[in-house]
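All residue numbers in this chain count up from 1 along the given sequence.
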Amino acid sequence: MALCLLALAFTFVPSTDRCPSFLSPDWRASRIKDCWEKFGRASYAHRIEELYEDSDTVINSCTSDECLRDLVQEALEDALPDDATILNLKHPCT
């Protein structure tokens with residue numbers, strides 16, 4: 001079984017322990033959702049489709065809020081075959 005990790009990462013936003021108030025978690029989530037809608041979802045789905053192999057298990061453990069994890073889950077379900085194994089888990093750091 002091949003193991004491939006794909007991350008939806010927006011590294012331009014500092015971690016919340018160093019964030020000024022205008023870069024709150026809500027602000028960060030809003031920017032991620034904006035990027036997701038404009039280009040992120042299509043880019044992510046394309047990368048998944050290119051790398052996925054039939055024997056793979058895909059783990060969605062988005063570290064962000066549940067709404068963002070749901071967006072990633074929906075993209076995975078749309079991009080992968082119906083019989084793909086997709087686990088939707090909380091990230092161990094959250």
Side-chain angles (χ1 to χ4, degrees):
M1 173 182 5
L3 175 62
C4 179
L5 300 177
L6 294 176
L8 174 65
F10 294 87
T11 57
F12 60 88
V13 179
S15 65
T16 54
D17 61 333
R18 296 181 293 135
C19 274
S21 60
F22 72 92
L23 295 181
S24 69
D26 289 340
W27 180 91
R28 180 181 179 273
S30 176
R31 299 295 75 76
I32 291 172
K33 287 176 192 174
D34 287 346
C35 291
W36 183 258
E37 291 170 6
K38 290 178 183 169
F39 63 87
R41 186 185 198 287
S43 174
Y44 186 74
H46 176 73
R47 288 182 288 149
I48 287 288
E49 290 168 352
E50 293 264 316
L51 296 170
Y52 177 78
E53 296 180 10
D54 287 340
S55 61
D56 290 347
T57 296
V58 179
I59 302 171
N60 173 14
S61 62
C62 181
T63 58
S64 212
D65 68 14
E66 191 169 326
C67 177
L68 296 175
R69 189 178 311 118
D70 291 346
L71 292 174
V72 171
Q73 186 71 20
E74 184 179 288
L76 288 170
E77 291 171 358
D78 289 347
L80 297 176
D82 290 340
D83 63 344
T85 302
I86 304 171
L87 304 178
N88 187 359
L89 308 171
K90 283 193 170 187
H91 193 279
C93 294
T94 58

* Asked: With Glu77, which residues qualify under side-chain contact (heavy atoms from CB on, under 4.5 Å), at least two apart?
  -> Gln73, Ile86

* **Leu89 and Ile59, any side-chain heavy atoms less than 4.5 Å apart** => yes

* Can you sort out the partners of Glu74 under salt bridge (Lys or Arg N to Asp or Glu O under 4.0 Å), two or more places apart, ordered by chain and number? => Arg41

* Asked: Any sub-3.5 Å donor-acceptor pair from Asp78's side-chain atoms to Ala75's backbone N or O?
  -> no

* Determine, step by step, whether Trp36 and Leu68 satisfy the side chain to side chain contact (heavy atoms under 4.5 Å, CB included) criterion, reporting the C-alpha distance in whole Å, the side-chain angles of both residues, the deciding distance to 0.1 Å, and the verdict. => CA-CA 9 Å; Trp36 183 258; Leu68 296 175; over 6 Å; no

* To do: Give the intermediate values and the outcome of side chain to side chain contact (heavy atoms under 4.5 Å, CB included) for residues Leu80 and Ile48.
  => CA-CA 8 Å; Leu80 297 176; Ile48 287 288; 3.2 Å; yes

* Asked: What distance separates Leu76 CG from Glu49 CD, expressed to the nearest 0.5 Å?
  -> 10.5 Å

* **From Asn60 atom CG to Asn88 atom CG, the distance as rounded to the nearest 0.5 Å** => 4.5 Å

